Amino acid sequence: MQMVKKSRLHLPRVPARPGEAPDFGYVQLSPAGAVARPEATARVRDLDTLSVDLVRVLDDKGDAVGPWNPHLDAGELQVGLRHMLLTRLFDDRMQRMQRAGKITFYMRSLGEEAVSVAQGMALRPSDMLFPSYRNQGLHIVRGMALVDLMCQLLSNTKDMCKGRQLPVMYHSRANNIFSISGNLATQFPQAVGWAMAAAIKGEDNLAATWIGEGSSAEADFHHALLFASVYQAPVILNVVNNQWAISTFQGYAGGEQRSFAARGPGYGMAGIRVDGNDFLAVYAVTQWAAERARTGGGPTLIELVTYRSAAHSTSDDPARYRAKDDAEHWPLGDPILRLKQHLIKIGEWSEERHLAMSAELDALVASSWKQAVTFGSLAEGPRLDADLMFEDVFKEMTPNLLRQQALMRKERG
Amino acid sequence: MQMVKKSRLHLPRVPARPGEAPDFGYVQLSPAGAVARPEATARVRDLDTLSVDLVRVLDDKGDAVGPWNPHLDAGELQVGLRHMLLTRLFDDRMQRMQRAGKITFYMRSLGEEAVSVAQGMALRPSDMLFPSYRNQGLHIVRGMALVDLMCQLLSNTKDMCKGRQLPVMYHSRANNIFSISGNLATQFPQAVGWAMAAAIKGEDNLAATWIGEGSSAEADFHHALLFASVYQAPVILNVVNNQWAISTFQGYAGGEQRSFAARGPGYGMAGIRVDGNDFLAVYAVTQWAAERARTGGGPTLIELVTYRSAAHSTSDDPARYRAKDDAEHWPLGDPILRLKQHLIKIGEWSEERHLAMSAELDALVASSWKQAVTFGSLAEGPRLDADLMFEDVFKEMTPNLLRQQALMRKERG
Amino acid sequence: MNMIQALNSAMDIMLGKDPSVVLMGEDIGYFGGVFRATEGLQRKYGEQRVIDSPIAEGGIIATAIGMGLNGLRPVAEIQFADYIYPGFDQVVSELARIRYRSAGDFFAPVTIRTPCGGGIRGGQTHSQSPEAIFTHVSGIKVVMPSNPYDAKGLLITSIEDDDPVVFFEPKRLYNGPFDGDPNKPAVPWSAHPKGQVDQGYYRVPLGKADIVRAGAEVTIITYGTMVHVALAAAAAMNVDAEIIDLRSLVPLDADTICTSVKKTGRCVVAHEATRFSGFGAELLSIVQEECFWFLEAPIQRVTGWDTPYPHAFEWEYFPGQARVKSALKTVMEPA
Amino acid sequence: MNMIQALNSAMDIMLGKDPSVVLMGEDIGYFGGVFRATEGLQRKYGEQRVIDSPIAEGGIIATAIGMGLNGLRPVAEIQFADYIYPGFDQVVSELARIRYRSAGDFFAPVTIRTPCGGGIRGGQTHSQSPEAIFTHVSGIKVVMPSNPYDAKGLLITSIEDDDPVVFFEPKRLYNGPFDGDPNKPAVPWSAHPKGQVDQGYYRVPLGKADIVRAGAEVTIITYGTMVHVALAAAAAMNVDAEIIDLRSLVPLDADTICTSVKKTGRCVVAHEATRFSGFGAELLSIVQEECFWFLEAPIQRVTGWDTPYPHAFEWEYFPGQARVKSALKTVMEPA
Ligand SMILES: Cc1ncc(C[n+]2csc(CCOP(=O)(O)OP(=O)(O)O)c2C)c(N)n1
Ligand SMILES: Cc1ncc(C[n+]2csc(CCOP(=O)(O)OP(=O)(O)O)c2C)c(N)n1
Ligand SMILES: [Mg+2]
Ligand SMILES: [Mg+2]
């Protein structure tokens with residue numbers, strides 16, 4: 001058998017591996033301000049180009065241009081900047097705490113902060129969020145105390161998950177943020193079901209959910225799009241295309257042949273491709289999709305084009321599979337720097353204020369950590385009582401679980 | 001809780017339920033000959049309209065018109081007519097045999113014969129077929145003896161499935177037709193894997209697979225499109241949109257918002273919508289897709305627009321859920337009548353020849369049945385030895401299965 | 001009522017009683033379901049509450065979970081238990097785990113109804129009994145009734161339960177009890193005491209087995225279709241068997257089981273599913289662990305074979321009376 | 001070699017020996033796999049044979065089946081056993097059934113490799129041991145090695161096998177044997193006899209258990225990580241245990257098991273997975289059925305609890321030496 005010679009299975013091109021020069025020529029860009037903004041009530045068939053173009057508001061000079069400019073007031077922009085910066089500083093320190101052995105695992109959202117922060121801000125607090133593990137910014141926007149997030153990371157006595165979940169798998173019932181699953185993509189159709197229920201109940205809230213471009217290969221992605229389309233559910237389906245899924249380039253998730261946003265029109269729903277590092281564009285597009293959903297226009301698929309600037313997780317080393325200084329060449333820049341530049345440009349911010357805010361937030365993170373560790377840690381204790389592991393399997397413990405709990409107590413002496 | 005009042009979950013419109021007048025206004029038609037035929041090597045982005053238009057060759061007068069005319073010679077057309085007619089006559093009698101209690105279950109392809117026959121003819125015998133349960137025409141085209149199909153239906157001593165499968169779940173290793181699964185949609189991504197292997201091996205064969213529009217809601221459909229697109233597999237993915245999935249209208253599979261063919265471009269592959277009752281159009285489109293696949297152009301998604309004129313199966317009664325004489329109002333007519341009309345129009349057929357062929361084929365079906373029942377039947381025997389049920393679980397029987405086989409023998413005395 | 005009517009009645013009552021109850025599934029709405037279990041309910045409660053779905057079991061279960069998270073109480077129908085696997089990940093990784101991983105902050109009170117078992121010439125893809133698989137997944141309750149009365153009461157309890165329930169309906173019992181002999185004329189439920197079903201609301205608790213026949217010589221632990229086969233086999237052999245219908249597999253009524261075996265000293269476990277790693281293994285294990293010193297003979301398992309369920313050899317596969325009798329004979333042998 | 005190197009060597013040899021062998025999975029190609037099991041293989045055999053895949057376990061298994069039908073011999077990696085469920089339908093309804101339903105005319109010789117088990121602080125979605133579920137599905141072989149030597153030989157045999165195999169790799173054993181005590185310094189495989197692995201081709205048969213320690217007082221039946229825990233616990237208690245490493249669960253070497261229990265008269269069954277309907281139940285059942293009259297005490301099961309595998313309580317969940325010892329103590333009690 002001479003198999004190798006004639007082989008011609010196509011394999012998606014990966015632009016730059018270690019040792020090669022970064023190459024982002026494959027990213028299709030539109031100039032800021034260039035993409036028209038249809039009415040949120042427009043018919044799907046009139047929206048197809050939105051799924052291949054790239055909605056952008058902030059141009060290279062830091063000006064907000066074009067029809068998608070959401071015209072937020074400076075106060076809102078400053079809040080956005082603050083949330084993004086806090087997210088990043090929080091990530092920074094947690095990464096270091098993991099390296100120091102204080103927590104077992106961590107995942108940063110470095111370079112993608114605009115996604116969670118701008119989208120979170122564009123939605124109502126009563127809208128239900130179904131995040132992936134890289135949406136910590138949503139918790140920040142919704143006002144979760146850092147201490148609470150940290151206690152989860154520490155699996156300590158105040159861990160909202162009672163020690164059951166890996167670090168970063170937060171949730172918040174009070175803030176309408178659903179529990180993160182270690183199983184990729186499962187939240188996507190669940191969000192659709194939540195939105196269907198809102199429609200059935202005649203309530204005005206919508207659901208929003210996030211998935212990595214790599215995870216969009218899972219069946220759940222298809223189920224979500226299909227059910228959302230069939231029942232015209234009030235849901236916003238977000239694909240965060242940060243170009244990588246651990247070591248796997250987005251071409252392997254189908255991004256080589258066409259944009260992820262283009263799946264939307266394929267299923268008969270609006271699909272929009274947006275500059276994910278442009279706070280204003282992300283905000284505007286989300287606002288548009290929310291208006292669409294709330295006025296009975298059904299679901300929208302948003303592809304947020306961004307870059308995973310950090311490693312996948314603390315278990316990962318991207319130097320093994322991608323060009324070393326890739327992130328610096330990313331054509332859409334850094335979301336924090338871009339919003340900062342804009343605020344300075346419009347005279348509503350300064351380097352000094354930025355530094356001050358940075359110091360303030362860093363201190364907040366530091367003091368929160370100090371407080372969090374007073375509730376213990378997995379490594380050094382105290383932890384919650386191990387007995388708790390038998391609870392919440394069911395609403396009430398079954399006789400079988402009660403028996404096992406007693407056995408475990410005996411075993412531990 | 002006052003839930004009903006404000007409810008607004010969208011539900012797809014079902015055009016006509018029992019007691020209502022048939023209504024096919026929702027079917028988007030193009031005039032015969034109106035759709036341009038791009039080169040088979042065209043880029044996907046230049047093919048988008050193919051997925052919403054409807055490729056048609058045969059017009060109402062029976063003429064073959066336009067760029068998609070495959071210019072088959074009369075002999076080929078007559079063979080196509082013969083295969084379609086044979087399929088229908090075979091179905092007719094098997095349906096009656098089921099009603100007479102001779103077989104336990106049956107499923108007709110009435111009104112959809114052009115799908116399997118034209119597509120089967122447009123492919124090479126070495127191409128691998130992964131059918132659904134409504135593609136009996138593929139076996140006819142590939143020359144399977146009716147007796148062999150019937151023996152499967154009878155679960156008798158010559159049953160190719162050794163009594164293990166429901167009637168109609170045929171297969172043929174010799175004819176390159178894969179085993180039909182009772183689990184919908186599973187064959188779709190399997191066909192893609194087969195095609196990937198062909199590419200890896202550098203072989204020239206392609207895979208073709210069929211799925212009902214209802215079944216396209218399954219995850220397997222998504223996996224098939226995704227993997228086919230990522231690896232540009234030489235595969236033809238056929239969605240047979242016969243408007244119904246048991247009692248469920250195609251709008252519930254996503255057909256209300258957009259065509260099924262449009263999923264193709266969404267995943268970055270060619271998508272074509274074709275008049276599934278137009279033998280010539282189906283042939284031409286399949287030929288185009290095959291050429292595309294064989295020249296490295298990757299996969300094509302074909303939506304065959306047709307109508308399930310009969311009940312779903314012998315267990316079903318469509319009078320419970322759709323307008324009574326729906327099929328007669330179907331705007332795309334009957335595939336056999338249309339090809340016959342065309343052949344007569346070009347002077348290559350006549351009512352007399354048709355009647356004669358019909359009689360001949362009916363006799364063939366009847367004599368085949370006679371022969372088939374000599375090999376027994378499930379109802380009256382003989383059947384295969386029950387011992388066989390322990391074989392082919394694994395290539396070789398495990399000790400556990402040998403033990404159980406012995407126990408069963410003892411149990412049966 | 002037959003079992004279909006009893007199930008229909010349960011859903012009817014719950015739709016009427018609790019506006020958060022919704023039904024979803026393939027062909028369940030306008031058509032009323034391929035087994036007619038939801039007949040008339042869409043007409044009565046509207047399309048917003050009795051919802052036809054795409055053919056996507058994974059999507060059905062996932063969206064049911066989402067609905068459950070938003071305050072509804074969804075009852076999803078999977079047309080055949082053989083088709084539950086495309087939704088398996090959402091059941092195992094999500095439905096079963098949401099309460100646990102969120103430390104009780106979120107839960108989805110979803111009931112999944114699905115017809116199981118053979119005996120209707122359905123072949124290998126319309127006959128499976130996959131209950132054992134679900135009993136191995138912590139966080140899922142598993143129910144299987146053997147008669148209309150229980151079916152209705154158990155379904156109401158399942159729908160009201162805040163934990164997820166997979167509710168298996170032995171389809172061979174839909175129209176009447178079945179003693180394992182396909183050649184006997186079918187008996188309707190109307191002639192059976194458990195076919196006498198209250199019109200109104202009532203519950204049958206989960207986790208409480210039913211002793212359908214008290215006896216002294218041997219305990220037969222079973223559920224679903226095999227309850228009737230066991231009754232017939234024991235009667236035919238004139239064995240004074242205590243026959244236990246589990247009704248719910250998770251939670252399991254180990255007390256009733258063990259009390260009985262300690263009394264009789266002999267035990268047979270019977271189910272229709274494949275033997276290897278079937279639920280019978282768990283039952284046998286519990287009895288062995290708890291009642292070892294009371295056992296006078298090895299516990300016997302009566303099950304389907306370790307093959308798919310073959311269309312033409314359905315009755316050779318099905319654990320009918322002959323197989324039960326042979327186990328009873330073995331277990332009754334004096335030591 | 002450690003276990004990763006042994007698995008890598010098995011795949012290397014098979015890729016070299018048989019041009020129909022292909023590998024597919026998430027991150028397995030350029031990167032070499034998140035556990036590095038396929039490191040270097042894409043460089044050596046090319047992108048056409050060591051294929052990075054989309055993140056879609058269902059798609060991976062389905063296309064692997066298709067490749068298998070077209071003459072290839074695919075080895076699919078599922079990154080964690082916890083993520084095999086999205087492909088469950090293709091395994092259960094297809095991979096396991098194709099040979100049967102086509103009466104032997106078609107088959108797909110697919111091997112699915114997947115890391116299982118806890119002990120690496122992976123939390124509930126990186127720690128599961130779902131082997132029991134697959135053992136209940138007729139038509140699938142199920143393998144789990146406990147050491148590098150077996151891992152390599154069993155993987156070669158699995159790849160060469162024309163039946164589908166789900167090959168579970170206890171990830172806690174990748175780098176060294178593990179006796180259940182997370183506080184002891186890690187021991188590498190290089191210090192272990194089963195870490196001495198031939199460079200070349202060899203097979204370890206499926207369906208043949210390994211008596212890793214001969215003994216007279218009690219039989220411990222186990223597999224995977226628990227082999228080492230059982231060895232340590234028995235040694236610590238000074239019990240003359242006969243310890244059986246099953247290596248393959250389907251087919252199962254019931255002969256070796258029963259011969260041993262008939263000799264010792266006492267039996268403990270141990271696995272890491274959840275207890276209820278775990279594979280231990282099947283093992284216990286077989287022993288009870290075959291060896292009842294030889295048993296001097298009830299068979300004991302040592303397992304994980306019937307909860308998900310909690311991140312912070314990993315070691316309270318894990319069936320460590322204390323749990324094994326307690327079972328041994330119970331089973332050794334004089335009648
Ligand atoms: C069902 C499932 N399969 C595989 C994994 C392992 N895994 C965790 S994260 C990841 C990559 C996801 O990439 P992407 O969706 O692009 O998200 P990103 O990490 O880039 O935010 C993989 C393969 C998993 N957690 N769940
Ligand atoms: C996984 C799965 N779910 C449900 C079914 C039950 N079922 C059999 S055929 C059918 C309808 C399929 O309709 P469609 O795909 O449109 O094909 P058609 O019958 O119209 O040819 C259903 C729901 C099944 N066989 N498998
Ligand atoms: Mg990504
Ligand atoms: Mg259909």
Side-chain angles (χ1 to χ4, degrees), chain A residues 1-4 7-9 11-12 14 17 104-105 155-156 159 161-167 169 181-185 212 214-220 245-249 252-254 315-316 320-321 378 383-384 386 388-393 398 400-401 404-405 407-408 410-413, chain D residues 18-20 22 26-34 36 45-49 51-60 71-72 79-80 82-83 85-87 89 120-127 275-276 303-317 319-320 322-323 325-326:
Chain A
M1 199 143 95
Q2 278 261 346
M3 284 172 45
V4 179
S7 288
R8 55 188 163 86
L9 184 73
L11 296 155
V14 180
R17 290 295 195 183
T104 54
F105 179 78
S155 300
N156 67 17
D159 173 6
C161 301
K162 296 197 180 146
R164 292 173 192 151
Q165 287 254 69
L166 261 193
M169 303 293 177
S181 178
N183 300 71
L184 294 172
S215 312
S216 74
E218 294 283 3
D220 289 310
I246 310 184
S247 77
T248 306
F249 184 63
Y252 278 87
S315 313
D316 179 44
R320 301 186 90 122
Y321 54 78
L378 184 56
R383 294 180 306 157
L384 287 168
L388 285 174
M389 70 184 270
F390 296 94
E391 290 185 5
D392 299 321
V393 177
T398 58
N400 177 44
L401 287 168
Q404 295 193 357
Q405 191 183 44
L407 283 172
M408 192 202 63
K410 220 178 102 192
E411 180 178 305
R412 304 184 67 217
Chain D
D18 180 351
S20 69
V22 293
E26 299 160 14
D27 300 299
I28 68 147
Y30 186 91
F31 186 52
V34 296
R36 332 276 337 125
Y45 297 100
E47 288 187 311
Q48 299 277 321
R49 296 189 60 205
I51 306 169
D52 278 310
S53 79
I55 304 175
E57 294 74 13
I60 292 169
L72 298 186
Q79 207 164 77
F80 286 84
D82 318 59
Y83 305 144
Y85 307 123
D89 186 49
I120 62 153
R121 284 282 185 230
Q124 57 143 0
T125 62
H126 301 85
S127 306
R275 180 188 196 86
F276 204 79
T303 68
W305 307 119
D306 291 334
T307 72
Y309 215 128
H311 175 251
F313 306 113
E314 178 159 40
W315 299 115
E316 287 81 1
Y317 179 95
R323 213 168 300 159
K325 286 179 190 164
S326 144

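Note that the coordinates shown come from a computational prediction; the quantities given were computed from them, not determined experimentally. Values reported hereafter were calculated over all heavy atoms of this structure, with side chains retained and with hydrogens, waters and symmetry mates removed. In the text below, chain A, chain B and the rest are named by the order of the sequence lines, each starting its count at 1.
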Residue pair [X] / [Y]: nearest heavy atoms and the distance that separates them:
X: A/L407; Y: D/W305; value: CB-CH2, 3.9 Å
X: A/A245; Y: D/I55; value: CB-CD1, 3.6 Å
X: D/A56; Y: A/A217; value: CB-O, 3.3 Å
X: D/G122; Y: A/L166; value: O-CG, 3.4 Å

Report which part of [X] has an atom under 4.5 Å of a heavy atom belonging to chain D: side chain, backbone, both, or neither.
X: A/D316; value: side chain
X: A/N183; value: both
X: A/I246; value: both
X: A/K410; value: neither
X: A/T248; value: both
X: A/A386; value: both

message: Is there a side-chain contact (heavy atoms from CB on, under 4.5 Å) between D/F313 and A/L384? Walk through the geometry before answering.
response: CA-CA 9 Å; D/F313 306 113; A/L384 287 168; 4.0 Å; yes

Do you know which of [options] has the most heavy-atom pairs under 4.5 Å to chain D?
options: A/R320, A/R164, A/M169; value: A/R320
options: A/S315, A/P167, A/S181; value: A/P167
options: A/G212, A/G163, A/P12; value: A/G163

Can you list the steps and then say if A/Q404 with D/D306 is a side-chain contact (heavy atoms from CB on, under 4.5 Å)?
CA-CA 8 Å; A/Q404 295 193 357; D/D306 291 334; 2.8 Å; yes

**Prompt:** Does some side-chain heavy atom of A/L11 sit less than 4.5 Å from a side-chain heavy atom of D/I51?
**Reply:** yes

Any chance you could measure [X], atom [atom1], to [Y], atom [atom2], to the nearest 0.5 Å?
X: A/E218; Y: D/E57; atom1: CD; atom2: CD; result: 4.0 Å
X: A/T104; Y: D/R121; atom1: OG1; atom2: CZ; result: 7.5 Å
X: A/M389; Y: D/H311; atom1: CE; atom2: NE2; result: 13.5 Å
X: A/R383; Y: D/E316; atom1: CZ; atom2: CD; result: 4.5 Å

Counting heavy-atom pairs under 4.5 angstrom with chain A, the leader among D/Q124, D/E47, D/K325, D/R323 is D/R323

Review point. So, the side chain of D/Q48 versus the backbone of A/L9: is there a donor-acceptor pair under 3.5 Å, distance only?
Key: yes

> Are A/Y321 and D/Y30 near enough that their ring centres are under 6.0 Å apart?
Replying inline: no

message: Using side-chain contact (heavy atoms from CB on, under 4.5 Å), reason through A/V14 and D/D52 one step at a time and then give a plain yes or no.
response: CA-CA 11 Å; A/V14 180; D/D52 278 310; over 6 Å; no

The interface call for D/T307 against chain A, heavy-atom contacts under 4.5 Å, is both

Turns out that what part of D/Y85 lies under 4.5 Å from chain A's heavy atoms comes down to neither

